[in-house]
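Chain letters run A, B, ... following the sequence lines, proteins first, then strands; residues in each count from 1. Since the structure is predicted, the reported quantities are computational estimates derived from the model, not experimental observations.
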Amino acid sequence: MPELPEAEVVRRGLARWATDAVAGALQVHDPRSLRRSPGGAEALRARLEGARLAEPARRGKFLWLPLADADEAVVVHLGMSGQILVDEPGAPDQRHLRLRLPVIAADGAARELRFVDQRIFGGWWLDALHPDDAAGGEPIPATAAHIALDPLHPLFDADAVHARLARRRSTLKRALLDQSLVSGIGNIYADEALWGARLHPERPTERMRRADTRRLMAAVQDVMRRALAVGGTSFDALYVNVDGRSGYFARSLDAYGRTGRPCRRCAEEAVESLIVREPFMNRASHRCPRCQPTPRRRRAASAVAAGAGTVLTSGLRSEGSHPRT
DNA sequence: CTCCGGCCCTGCGCGC
DNA sequence: TGCGCGCAGGGCCGGA
């Protein structure tokens, strides 16, 4: 269940069982889930057994279980299809069970933290925690040091994102999915936020104005908070919280997966405009062709080099309206 | 530095 | 019924 709201749902569910729990002997059903862990299964098992865990933390889509009294953590990434389930010992094994960590919870209850991952793009790994100056000195795993603050972080700064975004020579959705610019956004919430801010996914980043970025970041925060409030987005049983329950946000999506269905915003104005699905990086983008219109053709390199800004906009107005890329 | 494609995987639904 | 293909919520790496 991969984007920020789903990862946060998992973190919260995990907090009850993992915080102040004592870990038992890790069982590795598929070592590929430990690909990124130095020393593999042996090293992780040795480090974990008998260790006390602290409150689970998260940045963007990265989760981690800090080890109490040490600057180390078990990082958990769900990848495309990962789940963390909390089960009672003896509960039937899940089909794609990869890792099993028995714990004694703070209240003395015996439980198992199970990592279930169909595609094995996710995994667990042991990592060192370092203070992150950009985040008030809070700890961050070394392998997540390049991950930017996410839109729900208290220190998140939309204007700082804008400063970096506007300097890029790229397009908007690509930038939104770049976890080193702003983290936690994946294909679903990118499409939703772009719809919310009425922006086209292929809009050149250099053409973003501060107000555009602010509106877009506000849209990201809004959609993520709404998704979080209802347990995240689940299309099927593959994406569930630690109790195995699905979230309900799929029914509230405005763009993602709504190909051929009416744009809800346009419908409010009594206009029918159908959501389109377009190829994007071996995946797809979903948008409303009416309220997220195709941007004007990108400025020529010479115009950019000349530092031309808003002065040019009126002159470009008559250019073709449907150029691609 | 930035970018883009390829790759890491499994399973499902669809068309033939 | 079977098979190949395209597609799915992510991220890392190497080469340009």
Side-chain angles (χ1 to χ4, degrees), chain A residues 1-10 29-38 58-63 75-84 94-99 115-125 127 141-148 150 163-193 202 204-206 220 223-224 227-228 231-241 246-250 252-253 255-259 277-286 298 301 304 325:
Chain A
M1 2 199 317
E3 303 184 43
L4 186 155
E6 294 75 34
E8 178 60 16
V9 167
V10 170
H29 298 265
D30 194 321
R32 290 177 296 180
S33 292
L34 298 181
R35 249 187 314 239
R36 295 189 67 182
S37 200
R58 179 192 57 75
R59 181 182 295 184
K61 306 168 195 173
F62 285 73
L63 291 166
V75 180
V76 173
H77 201 291
L78 301 174
M80 287 282 262
S81 55
Q83 309 171 4
I84 299 266
Q94 289 79 5
R95 182 173 176 194
H96 300 294
L97 177 63
R98 311 296 185 191
L99 304 170
F115 185 61
V116 176
D117 186 13
Q118 178 193 105
R119 295 177 70 181
I120 327 183
F121 286 168
W124 292 16
W125 61 93
D127 203 357
T143 54
H146 63 296
I147 300 299
D150 63 60
R164 297 178 59 206
L165 177 71
R167 232 178 284 134
R168 296 197 175 189
R169 269 177 282 124
S170 186
T171 48
L172 195 47
K173 185 168 169 182
R174 302 187 101 83
L176 270 186
L177 295 178
D178 181 344
Q179 305 296 302
S180 69
L181 178 66
V182 47
S183 71
I185 304 172
N187 210 32
I188 294 177
Y189 296 101
D191 284 0
E192 293 302 302
E202 299 301 322
T205 47
E206 69 208 39
V220 174
V223 69
M224 285 185 167
L228 191 49
T233 301
S234 311
F235 298 126
D236 51 48
L238 218 54
Y239 303 96
V240 295
N241 70 9
S246 292
Y248 295 106
F249 198 67
S252 302
L253 294 175
Y256 187 90
R258 298 197 68 246
T259 313
R277 179 185 186 278
E278 296 165 328
F280 172 81
M281 301 263 297
N282 292 323
R283 296 195 197 153
S285 290
H286 307 76
R298 216 165 155 167
V304 175
T325 63

Novice: Under the 3.5 Å rule, do the base of C:dG10 and the side chain of A:R283 count as making a donor-acceptor pair?
Specialist: yes
Novice: Who passes side chain to side chain donor-acceptor pair (under 3.5 Å) against A:Q94, sequence neighbours left out?
Specialist: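 Once residues adjacent in sequence are excluded, the partners of A:Q94 under the side chain to side chain donor-acceptor pair (under 3.5 Å) criterion are A:D87, A:R114.
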Novice: Can you list everything that forms a side chain to side chain donor-acceptor pair (under 3.5 Å) with A:K61? Sequence neighbours excluded, please.
Specialist: none
Novice: Using atom CZ of A:F121 as one end and atom P of C:dA8 as the other, report the distance to the nearest whole Å.
Specialist: 13 Å
Novice: Do A:Y189 and A:P5 come within less than 4.5 Å of each other through their side chains, counting heavy atoms only?
Specialist: yes
Novice: What's the closest nucleotide to the side chain of A:F62 if the choices are C:dA8, B:dT10, C:dC12?
Specialist: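 It is C:dC12.
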Novice: Return the set of residues passing side chain to side chain donor-acceptor pair (under 3.5 Å) with A:R58 (not counting sequence neighbours), or none when no residue passes.
Specialist: A:E8, A:D150
Novice: Looking only at side-chain atoms of A:Q179, point me to the closest of B:dG11, C:dG11, C:dA8.
Specialist: C:dG11
Novice: For A:T143, check side chain to side chain donor-acceptor pair (under 3.5 Å) against everything at least two apart and list the hits.
Specialist: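 If we apply the side chain to side chain donor-acceptor pair (under 3.5 Å) test to A:T143, skipping adjacent residues, the hits are A:W125, A:D127.
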Novice: Can you list every stem that DNA chain C is part of, counting only runs of 3 or more consecutive Watson-Crick or G-U wobble pairs with both distances under 3.5 Å?
Specialist: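 B:2-8 with C:10-16, B:10-16 with C:2-8 - these are the stems of 3 or more pairs that involve DNA chain C.
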Novice: When you measure from the side chain of A:R119, which nucleotide among C:dC12, C:dA8, C:dG9 comes out closest?
Specialist: C:dA8
Novice: For nucleotides B:dC9 and C:dC3, find the distance between their P atoms and express it as a whole number of Å.
Specialist: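 Rounded to whole Å, the distance is 24 Å.
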Novice: Considering only side-chain heavy atoms of A:H96, which listed nucleotide, C:dG9, C:dC12, B:dG11, is closest?
Specialist: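 Nearest nucleotide to the side chain: B:dG11.
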Novice: Nucleotides 3-7 of chain B: which of its N/O atoms have a protein N/O under 3.5 Å away?
Specialist:
unit_1, atom_1, unit_2, atom_2, d
B:dC3, OP1, A:R169, O, 3.3
B:dC4, OP2, A:R174, NE, 2.9
B:dC4, OP2, A:R174, NH1, 3.4
B:dC4, OP2, A:R174, NH2, 2.4

Novice: Can you figure out which of B:dT10, B:dG11, C:dG10 approaches the side chain of A:N187 most closely?
Specialist: C:dG10
